[in-house]
Amino acid sequence: MYFNNINEPNTYDAIVVGSGISGGWAAKELCEKGMKTLVLERGRDFQHVTDYKTAYLAPWEFPHLKRSTRQMRREQSVQMRTGYTVSEAHGYLFVKDTEHPYIEHKRFDWMRGYQKGGRSITWGKQSYRLSPMDFEANAKEGIGTPWPVSYDDIAPWYSYAERFAGISGSKEGLPQLPDGDFQPPMALNAVELEAKKAIETKWKGRKLIIGRAAHLTEPTEEQINLGRGQCQYRNLCMRGCPFGAYFSSQAATLPAAARTGNMTLRPHSIVHSIILDDDKGRAKGVRVIDENTGQAIEFFARVIFLCASALPSTAILMRSTSKRNPNGMDESGALGHYLMDHHLGVGANGVFEGHLDKTTFGRRPNGIYIPRYRNLHEPGTGGYLRGFGYQGGASRQGWSRNIEGFGVEFKKQFTSFGAWEMGMGGFGECLPYYENKVELSKTRTDRWGLPLLEFDAEFKDNEKKMRIDMMNDAAEMLEAAGMKDISTHNSEPVIGLGIHEMGTARMGTSSKNSVLNKWNQVWGTPNVFCTDGAFMTSAGCQNPSLTYMAFTARAANYAVEELKKGNL
Amino acid sequence: MTGVGLLLPEAVLARAGEILEGAPPKRRFFNGTEKRIVAAFAECVVPRTDTPGAADVGAPGWIEILVDDCYDYDDQMDFREGLMEMDQAARDRFGKGFSRLTYGQQVQLLTDLERSDIARAKADPHAPPSFIRSFKDLVKLVYVSTERGANEAFSYVAIPGRYDGAAPVQPTTKVEAPVW
Ligand SMILES: Cc1cc2nc3c(=O)[nH]c(=O)nc-3n(C[C@H](O)[C@H](O)[C@H](O)COP(=O)(O)OP(=O)(O)OC[C@H]3O[C@@H](n4cnc5c(N)ncnc54)[C@H](O)[C@@H]3O)c2cc1C
Ligand code: SF4
């Protein structure tokens with residue numbers, strides 16, 4: 001299908017900006033519908049399997065036994081704030097902060113991976129649907145702006161995304177966490193099963209389930225044809241999966257796009273802005289800066305998908321100015337505002353005294369999930385709106401536990417099993433606040449001349465109040481499960497650290513209250529779609545990427561239909 | 001069981017600087033005294049038994065590399081100071097530097113120092129971890145991360161292929177070495 005005269009240089013049917021979770025999906029859908037698609041990715045090329053150079057290394061094969069060096073920490077001073085991503089094994093999949101600085105009026109932890117595949121390589125794969133309750137909450141409570149999309153609108157696209165991506169999980173029939181089209185669930189272990197029984201007996205309405213995760217437990221024919229295999233329980237996923245067993249752009253969407261013959265992927269291509277045609281109220285194409293040469297290049301297409309992840313896409317919209325859009329592509333004043341994330345770093349741990357004759361074999365790249373149970377029926381009980389879910393798990397203590405003493409006695413304990421322990425940490429919903437914002441710096445630019453992003457955002461009272469319950473409930477549930485030595489934690493929550501940044505170009509019901517309409521189209525420029533986390537009107541407390549997949553697929557299919565009808 | 005009792009400090013020293021196959025090149029971050037204390041201390045944490053000890057797995061060399069390349073400068077200073085304080089404690093109590101004590105004296109000294117650290121930590125829960133605690137943690141981490149430590153004293157399974165959430169623990173079942 002050629003909507004454009006492809007004999008024109010640099011001209012395609014569609015342009016997709018970014019090749020992470022959202023961009024991979026846009027590329028797949030557009031290419032499969034016959035669109036000649038150019039994927040512009042700012043990072044380097046990064047091949048499935050052959051570029052996973054650390055995937056099979058044992059700890060002793062790393063120069064520093066996998067630890068981060070002082071130099072890595074200097075170059076990745078922000079990326080290392082997670083405490084687990086910057087290591088010799090996979091630190092290189094996160095940006096160097098020395099090359100990609102930004103400005104923090106308040107602390108904001110911005111975790112980025114700039115390579116083909118984006119953060120689809122390093123993500124945690126937890127995959128949950130938002131529920132009808134989540135899509136209705138803003139309207140019901142008068143918070144932010146109402147979602148223009150209902151659960152029923154998106155449900156078929158969730159199914160579509162789940163079937164292709166491959167999500168393992170159990171069906172539970174919970175209204176607050178709808179079931180999906182799942183592959184067989186992974187197993188709970190002996191102590192998690194104890195906790196499940198105890199918690200579900202004591203509290204009607206609370207459930208402990210296995211995490212729903214984008215790992216293949218029973219690959220479909222379609223997945224096998226893409227070269228994907230079953231999960232091998234190594235839990236070294238962040239280095240890239242040589243079996244293609246978890247969902248990544250590399251393993252799933254990009255090969256599906258490539259096999260159509262319709263995809264061109266250009267790495268080292270930093271999209272600067274969208275080229276606007278004010279008279280027609282349309283976009284013509286995009287301006288790109290070549291990462292290596294600094295050269296400016298223009299590419300043209302009928303339709304443009306922004307999938308650079310929430311904040312870079314927001315920045316592109318801000319940099320896309322014209323006479324009609326002097327402040328970037330937004331008439332509502334919402335662009336850059338309502339920045340959200342999930343707040344975490346709160347929960348409890350305990351020790352379980354039984355089951356000493358059992359341990360786990362294999363490393364399950366997944367844990368338990370306790371779906372939200374607070375405020376399901378009455379908003380605002382407990383003094384806060386919305387709620388939280390828990391992730392965690394039980395395992396047998398081993399070498400790393402604290403043991404007193406020295407010599408042979410110490411070594412004997414060091415090399416033998418400790419008790420079982422179990423922990424759970426909350427993921428809480430954050431409300432959309434106008435004051436939580438990101439802007440383009442007026443004074444400082446990066447090495448490509450792009451204005452730095454300035455962050456001014458924080459978690460507020462609603463989140464902080466919720467955290468008291470998040471901490472105490474966790475301890476109560478562990479206690480009910482028979483745990484001893486329970487300890488609780490509730491660190492000062494830092495926005496960004498949930499790595500679910502979203503909401504800065506939200507969807508809404510009109511161009512007065514939002515940047516995007518219900519099809520993820522920019523109000524006023526209908527051939528530009530934005531389908532990454534920027535569109536989120538509220539956050540839910542579920543890990544969001546599955547929602548980006550579903551909305552991206554829905555928007556891409558809509559775009560092609562509209563093009564065919566001559567409406568775009 | 002094994003010849004731990006026979007393991008004289010000299011024997012530890014002899015192996016301390018040994019470069020095992022696959023182990024990284026020698027460093028000059030520590031001076032001779034520091035190297036000897038590190039080697040002796042590491043062996044007190046994980047002695048050779050029927051499985052390798054700290055020196056067997058090249059732990060002293062790895063410790064030097066990690067402290068040299070991975071520690072922040074402040075932590076390097078604290079580390080050196082910690083070694084010197086231990087050496088001084090050995091002199092105060094036994095009239096000899098730490099590495100020249102018998103293995104039994106070393107273990108006794110460390111056990112006593114650790115006990116008083118623990119008492120101090122109880123009194124002030126916010127105090128930073130003592131040198132002895134952080135050194136032990138480092139030895140543990142290094143030991144389980146080495147090929148022999150992971151495979152001989154622990155079990156290292158590169159590709160488990162399945163998950164069993166209630167696998168039986170038999171007397172021969174080894175604790176898993178970390179891969180992550
Ligand atoms: C350690 C970790 C664990 C996580 N765990 C989970 C989880 O369990 N569940 C979950 O749902 N989510 C999780 N996430 C979040 C998840 O990774 C993101 O939500 C998801 O990757 C977002 O997809 P995206 O396509 O919008 O952005 P990305 O995957 O970040 O991809 C964006 C791409 O755009 C490129 N790009 C950026 N700017 C430009 C530009 N100007 N021009 C061209 N290209 C550009 C980038 O290089 C990148 O390749 C986790 C993230 C991390 C880091
Ligand atoms: S645990 Fe599964 S998904 Fe992760 S790297 Fe191993 S095989 Fe791949």
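Since the structure is predicted, the reported quantities are computational estimates derived from the model, not experimental observations. Within every chain, numbering begins at 1; the chains are lettered A, B, ... in the order of the sequence lines, protein sequences first and strands thereafter.
- Nearest heavy atom pair, residue A:L65 against residue B:L66, reads CD1-CD1, 4.3 Å.
- Neither the backbone nor the side chain of A:L193 comes within less than 4.5 Å of any heavy atom in chain B.
- Looking at A:S68, the atoms closer than 4.5 Å to chain B (heavy atoms on both sides) all sit in the backbone: N, CA, C or O.
- Contacts with chain A (heavy atom to heavy atom, under 4.5 Å) involve these residues of residues 149-159 of chain B, listed by number: B:A150, B:N151, B:A153, B:F154, B:Y156, B:V157, B:A158, B:I159.
- Most heavy-atom pairs under 4.5 Å with chain A, from the set B:V142, B:V107, B:V144: that is B:V144.
- For the pair B:K136 (side chain) and A:F406 (backbone), a donor-acceptor distance under 3.5 Å is absent.
- Side-chain contact between A:R234 and B:P160: present, with at least one pair of heavy atoms (C-beta onward) separated by less than 4.5 Å.
- Side-chain contact check for B:D164 versus A:T360: every heavy-atom pair is 4.5 Å or farther apart.
- Note that NZ of A:K411 and OG1 of B:T51 are 2.5 Å apart. Values are rounded to the nearest 0.5 Å.
- In this structure, A:E218 places its CD atom where only 12 or fewer heavy-atom neighbours from other residues, nucleotides or ligands lie under 6.0 Å away.
- There is no contact between A:A89 and chain B, counting heavy-atom distances below 4.5 Å.
- Taking CE from A:M186 and CZ from B:R162, the interatomic distance works out to 14.5 Å, rounded to the nearest 0.5 Å.
- For the atom pair OH of B:Y163 and CG of A:N366, the computed distance is 9.5 Å after rounding to the nearest 0.5 Å.
- Rounding to the nearest 0.5 Å gives a distance of 13.0 Å between CZ of A:R396 and CD of B:E176.
- Here B:L141 is the residue among B:V46, B:T111, B:T173, B:L141 with the most heavy-atom pairs under 4.5 Å with chain A.
- Residue contact with chain B, scored on non-hydrogen atoms closer than 4.5 Å, is absent for A:S87.
- The side chain to side chain contact (heavy atoms under 4.5 Å, CB included) test with B:C70 singles out one residue from A:R67, A:M72, A:R70, and that residue is A:R67.
- Considering only heavy-atom pairs separated by less than 4.5 Å from chain B, the leading option among A:L57, A:L356, A:N189, A:L188 is A:N189.
- The environment of A:K96 atom NZ is sparse: at most 12 non-hydrogen atoms of other residues, nucleotides or ligands sit within 6.0 angstrom.
- In plain terms, the two heavy atoms of B:V175 and A:S416 that are nearest each other are CG2-C, 3.3 Å.
- Summarising the local packing, CZ of B:R93 is surrounded by more than 12 heavy atoms from other residues, nucleotides or ligands at distances under 6.0 Å.
- Here SG of B:C44 is found 11.5 Å from CZ of A:F410. Values are rounded to the nearest 0.5 Å.
- In this structure, chain B has no heavy atom under 4.5 Å from any part of A:H355.
- Looking at every heavy atom in both residues, B:P178 comes nearest to A:P59 through O-CG, 3.7 Å.
- Few gaps surround CE on B:M84; more than 12 heavy atoms of other groups in view lie less than 6.0 Å from it.
- Side-chain atoms of B:K140 and A:W399, non-hydrogen and from C-beta on, do get closer than 4.5 Å to each other.
- Of the listed residues (B:D137, B:D72, B:I132, B:I118), the one with the most heavy-atom contacts under 4.5 Å to chain A is B:D72.
- For a residue to count as touching a neighbouring chain, one of its non-hydrogen atoms must lie under 4.5 Å from one of that chain's; by this rule A:E404 touches chain B with backbone and side chain alike.
- In this structure, the portions of A:Y84 lying under 4.5 Å from any heavy atom of chain B include both its backbone and its side chain.
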* Apply side chain to side chain contact (heavy atoms under 4.5 Å, CB included) to the pair B:R133 and A:N402, showing each step before the final yes or no. => CA-CA 9 Å; B:R133 170 77 193 272; A:N402 200 17; 3.2 Å; yes
